[in-house]
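First comes the structure, then the notes that go with it.
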Protein chains: 2
Amino acid sequence: MIEKLEFLLALARERHFGRAAEACGVTQPTLSAGLKQLEESFGVLLVNRGSRFQDFTPEGQRVLDWARRIIGDTRAMRQEVQALKHGLTGRLRIAAIPATLAMIETLTTPYRERHPAVQFTILSRNSKEIFQLLDNLEIDAGVTYLDNEPLGHVAHVPLYREHYCLLTAADAPLGNRDKVTWAEVAHVPLCLLTANTQTRRIIDDLVRQAGGDSQPTLESDSMVLLYSHVRTGRWASVMPARMAATLGLADVVRAIPIVAPEATHTVGLVIPARQPMTPLTAALVAEARRVAQI
Amino acid sequence: MIEKLEFLLALARERHFGRAAEACGVTQPTLSAGLKQLEESFGVLLVNRGSRFQDFTPEGQRVLDWARRIIGDTRAMRQEVQALKHGLTGRLRIAAIPATLAMIETLTTPYRERHPAVQFTILSRNSKEIFQLLDNLEIDAGVTYLDNEPLGHVAHVPLYREHYCLLTAADAPLGNRDKVTWAEVAHVPLCLLTANTQTRRIIDDLVRQAGGDSQPTLESDSMVLLYSHVRTGRWASVMPARMAATLGLADVVRAIPIVAPEATHTVGLVIPARQPMTPLTAALVAEARRVAQI
DNA sequence: ACATATCAATAGAAATCTTCTATTGATTAT
DNA sequence: ATAATCAATAGAAGATTTCTATTGATATGT
């Protein structure tokens with residue numbers, strides 16, 4: 001029964017019988033049969049299909065919601081018993097938006113100190129993907145902005161307020177300043193994250209409000225790529241202050257706080273709205289509360 | 001897997017492998033094997049046993065808690081799909097303390113009006129048993145006092161405040177009074193519920209505070225039995241006012257409000273603290289809110 | 001202290017179910 | 001029109017579950 005619900009969950013993720021079956025480690029006919037059994041046991045069609053997967057029926061949607069919950073609880077149960085036996089073990093799966101990648105270690109380092117047996121998987125994803133992964137039980141927690149776009153049905157723990165700074169060469173136009181305004185930044189050609197990221201949308205908004213139009217000279221979804229350009233001193237960028245601080249900068253590059261309008265956004269941990277949490281997640285939340293600066 | 005968790009739940013109820021097996025509709029070796037598999041899958045002993053059932057290990061306790069939740073969710077899921085198909089169907093199981101039995105119809109009658117396909121099972125139980133039944137998923141809701149003894153981990157909906165009255169013959173010592181005090185009641189020989197009920201404990205307390213000692217001339221766990229004695233006019237009793245009002249009284253018997261000290265206790269619905277509720281339970285809660293007088 | 005009863009575990013056979021491979025039928029893409 | 005993709009089906013092999021019958025251990029009663 002639980003295994004059948006796993007089939008359903010996989011199908012929701014993959015939207016394809018064959019791939020869902022593979023994800024579950026069974027063959028396609030096995031998955032088909034499993035779903036058929038579910039449907040028979042409920043007496044309702046759960047999946048609309050005509051020679052290929054189409055979508056879930058309304059009943060299928062409801063069962064899917066319950067399946068997520070039931071499977072989440074089942075995993076939490078196993079984890080908890082495991083923790084009672086051997087302390088915290090297993091793999092903690094986190095996804096973070098690129099702008100926060102450099103601060104994740106402030107969570108994982110003390111976490112590992114306390115629970116050395118825990119292993120980590122950390123993915124760089126945009127915020128929309130993070131919420132999808134959370135919904136599908138594919139990650140235990142996410143790190144993203146809390147106050148910008150509506151949160152899904154998740155709980156959250158604030159971590160810190162983000163400020164932005166202009167990264168530019170000391171000998172560039174604004175390079176000798178102690179602080180700059182968004183109005184000034186609006187005229188600098190920048191290297192920025194691609195437009196499917198929240199950080200980019202935030203920066204775009206601020207630039208636009210200051211009268212600019214933000215046509216970046218270079219855009220990428222990789223922070224390392226942006227960083228490697230900026231450190232040459234030949235490109236400018238706007239980055240979260242924490243990111244700039246953590247990465248460290250070459251001598252030729254200066255990180256200049258952008259001060260007006262004062263624009264801060266809250267970065268925080270997002271976790272599934274389940275009570276009780278899994279032990280691994282609970283420990284992460286405890287760490288987040290310790291590390292939180294707000 | 002879910003079936004195995006059902007085994008565990010049955011064992012917690014019955015504390016006996018054979019009876020638990022019977023409750024699950026399997027033989028004892030099947031249940032034993034099922035539990036052994038659970039233990040192997042967790043890698044932990046769940047049940048302490050030496051030639052007979054002893055108790056659950058700490059891990060077993062935790063698994064038991066999760067099992068209740070997971071199985072509760074599984075049933076809720078089935079119920080919800082069923083409700084999507086055919087509207088509300090199935091059996092709503094309620095347990096109520098004897099003092100409230102006469103008011104249950106104020107819930108069930110409008111409920112049935114709205115959802116004619118739903119069937120009811122209503123048990124008369126004391127409050128301790130009600131909470132056990134709730135914990136074991138054997139009932140969907142209970143009706144009991146909310147403010148007297150500590151509630152388990154349940155949610156609740158207040159229904160009304162209970163007042164008490166003295167039932168006695170018109171020609172008995174206090175029979176001509178419009179109201180009486182607990183101090184006066186303390187001297188009347190009464191027919192009361194047995195001491196394992198909350199109602200009795202409440203009355204005992206009030207009588208004792210008024211200086212009496214409550215040695216009932218007759219006690220029973222059956223309201224019908226008490227009622228049949230009282231209606232002869234040859235016995236006196238203290239009953240919740242609602243009960244007296246609902247049952248109706250023979251001409252010779254009067255129901256006299258007991259006014260001082262003003263003693264009211266809240267009667268309410270108690271339901272498992274699960275979100276979301278099962279559809280059957282949700283409908284009952286809605287009805288309770290409608291009927292509630294407080 | 002001995003006999004009896006109760007209880008859960010075990011052994012082994014029978015039955016059920018699950019899963020697989022191979023194929024089909026239907027639809028979509030080229 | 002042909003090929004490719006996808007999910008359902010058929011049928012055999014394999015795994016699991018469940019049963020009956022029994023054992024071994026502990027408790028109960030005489």
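Throughout, protein chains are lettered first and strands after them, A, B, ... in sequence-line order, and every chain is numbered starting at 1.
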Check whether any side-chain nitrogen or oxygen of [X] sits under 4.0 Å from OP1 or OP2 of [N], and answer yes or no.
X        : N       : result
Lys36(A) : dA7(D)  : no
Thr30(A) : dT18(C) : no
Ser32(A) : dA7(D)  : no

If we ignore angles and hydrogens, is there a donor and acceptor under 3.5 Å between the side chains of [X] and [Y]?
X         : Y         : answer
Gln28(B)  : Ser32(B)  : yes
Gln198(B) : Thr144(B) : yes
Gln79(A)  : Thr278(A) : yes

Selected nucleotide, minimal atom distance to Pro29(A) side chain, candidates dT21(C), dC19(D), dA8(C) | dT21(C)
Just compare dA8(D), dT17(D), dA8(C) and give me whichever is closest to any side-chain atom of Phe17(B).
-> dA8(C)
Give the rounded distance in Å between these two atoms: [atom1] of [X] and [atom2] of [N].
X        : N       : atom1 : atom2 : value
Leu35(B) : dC7(C)  : CG    : C1'   : 15 Å
Asp55(B) : dA8(C)  : CG    : C1'   : 15 Å
Gln28(A) : dT19(C) : CD    : P     : 14 Å
Glu22(A) : dC20(C) : CD    : P     : 12 Å
Gln54(A) : dC6(D)  : CD    : C1'   : 12 Å
Asn48(B) : dA9(C)  : CG    : P     : 12 Å
His16(B) : dT6(C)  : NE2   : P     : 10 Å
Glu3(B)  : dT16(C) : CD    : P     : 17 Å

Five-pair end axes of the helix from dA1(C)-dT30(D) to dT30(C)-dA1(D) and the angle they enclose, rounded to 10° = 30°
May I ask you to say whether Arg13(B) pairs ionically with Glu22(B), meaning some side-chain N is under 4.0 Å from a carboxylate O?
-> no
Given the options Arg91(B), Glu138(B), Arg93(B), Thr121(B) meets side chain to side chain donor-acceptor pair (under 3.5 Å) only with Arg91(B)
Ile70(A) CD1 to Ile2(B) CD1 distance, which is reported to the nearest 0.5 Å = 5.5 Å
Is Arg49(B) touching bases, backbone alone, or none of the nucleic acid, heavy atoms closer than 4.0 Å?
-> sugar-phosphate
Indicate, with a heavy-atom threshold strictly under 4.0 Å, whether Gln37(A) touches base, sugar-phosphate, or nothing.
-> sugar-phosphate
Chi angles and distances behind the side chain to side chain donor-acceptor pair (under 3.5 Å) call for Asn196(B), Arg201(B) | CA-CA 8 Å; Asn196(B) 61 344; Arg201(B) 284 195 288 277; over 6 Å; no
When the nearest nucleotide of DNA chain C is assigned to Arg52(A) and to Thr27(A) on a heavy-atom basis, which residue is associated with the more 5' position?
-> Thr27(A)
